[in-house]
Amino acid sequence: GAVVSQHPSWVICKSGTSVKIECRSLDFQATTMFWYRQFPKQSLMLMATSNEGSKATYEQGVEKDKFLINHASLTLSTLTVTSAHPEDSSFYICSARRTANYEQYFGPGTRLTVT
Amino acid sequence: KNQVEQSPQSLIILEGKNCTLQCNYTVSPFSNLRWYKQDTGRGPVSLTIMTFSENTKSNGRYTATLDADTKQSSLHITASQLSDSASYICVVSDPNNNDMRFGAGTRLTVKP
């Protein structure tokens with residue numbers, strides 16, 4: 001149990017386009033989900049915290065208008081990278097906090113490449 | 001300054017050998033300390049979780065220790081295998097806001 005999926009697992013897009021990444025908790029409810037970004041050989045950097053039914057909380061330096069987060073249900077959060085640029089190329093990882101026990105589970109990640 | 005410091009940054013060992021990874025933290029108080037294994041291009045997978053009252057926790061060939069007084073933790077890997085090649089990340093949870101503080105990780109390479 002406690003599986004978190006991400007879709008797509010990798011995506012290549014052209015500069016200026018938008019990309020949506022989905023994060024799903026498959027077998028548990030998650031009131032809170034987190035979005036991280038990871039550059040090569042670096043650790044995970046928290047981008048934002050999303051709570052079901054409310055606005056996401058963004059970390060300092062993360063543009064909320066560029067990284068749109070929607071957490072419309074207890075099992076799904078989406079991250080949309082708007083007007084993507086090559087510097088947005090990164091590995092995006094989500095995690096879901098299980099409502100029942102506050103345990104946090106990570107998704108497999110999404111590799112975004114902007115050309 | 002990062003509140004969770006890991007060492008070494010990278011490590012290369014031969015298959016079958018043991019190794020120990022270190023984690024020093026300044027998060028105080030903390031609710032739990034976790035070690036994750038992250039394969040290249042994958043999300044982190046939990047290895048061990050310890051509360052402040054626990055000194056050691058094992059998961060197969062992985063054994064984590066915790067000294068809450070000195071704020072140090074270690075992850076010992078026994079009889080390493082090629083599949084152990086990965087990044088190992090130490091994460092300390094802040095109970096005040098349930099934030100997770102990530103270390104930069106140790107990149108382990110196991111060679112045949």
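We name chains A, B, ... by the order of the sequence lines, and we start the count at 1 in each one.
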**Report entry** Structural part of B:Gln38 lying under 4.5 Å from a heavy atom of chain A
**Finding:** side chain
Query raised in the report: Is B:Cys19 close to B:Leu108 at the side-chain level, that is, under 4.5 Å between some pair of heavy atoms?
Result: yes
**Report entry** Close side-chain approach of B:Ser93 and B:Arg34, heavy atoms under 4.5 Å
**Finding:**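 Yes - at least one pair of side-chain heavy atoms lies under 4.5 Å apart.
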Query - Residues of residues 44-83 of chain B with any heavy atom under 4.5 Å of a heavy atom in chain A - result: B:Pro44, B:Ile49
**Report entry** Distance-only side-chain donor-acceptor flag, A:Trp35 / A:Ser77, under 3.5 Å
**Finding:**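 Checked: A:Trp35/A:Ser77 side chains pair up, N/O donor to acceptor below 3.5 Å.
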Report task. Give a yes or no on whether the ring-centroid distance for B:Phe102 and B:Tyr36 is below 6.0 angstrom. Result ->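 No - the distance between ring centres of B:Phe102 and B:Tyr36 does not fall below the 6.0 Å cut-off.
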Requested in this report: Please check if the distance between the ring centroids of A:Phe28 and A:Tyr105 is under 6.0 Å.
Outcome: yes
Query raised in the report: Is it the backbone or the side chain of A:Gln38 that comes under 4.5 Å from a heavy atom of chain B, or both, or neither?
Result: side chain
Query - Close approach to chain B in residues 81-94 of chain A, criterion heavy atom under 4.5 Å - result: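 Checking residues 81-94 of chain A against chain B gives A:Phe91, A:Ile93.
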Query raised in the report: Hey, which residues of residues 45-60 of chain A are touching chain B, say heavy atoms under 4.5 Å apart?
Result: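 From residues 45-60 of chain A, none sit under 4.5 Å of chain B.
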Report summary line: By salt bridge (Lys or Arg N to Asp or Glu O under 4.0 Å), B:Arg107 pairs with (sequence neighbours left out) none
Query raised in the report: Once the angle between the rings of A:Tyr36 and A:Phe106 is folded into 0 to 90°, is it parallel (under 30°), tilted (30 to 60°) or perpendicular (over 60°)?
Result: tilted
Requested in this report: Measure the spacing between CE of A:Met33 and OG1 of A:Thr75 and express it to the nearest 0.5 Å.
Outcome: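 Spacing of CE (A:Met33) from OG1 (A:Thr75) equals 6.5 Å.
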Report task. Flag the one option from A:Val4, A:Thr110, A:Leu44 with the top tally of heavy-atom pairs under 4.5 Å to chain B. Result ->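 Top option by heavy-atom pairs under 4.5 Å: A:Leu44.
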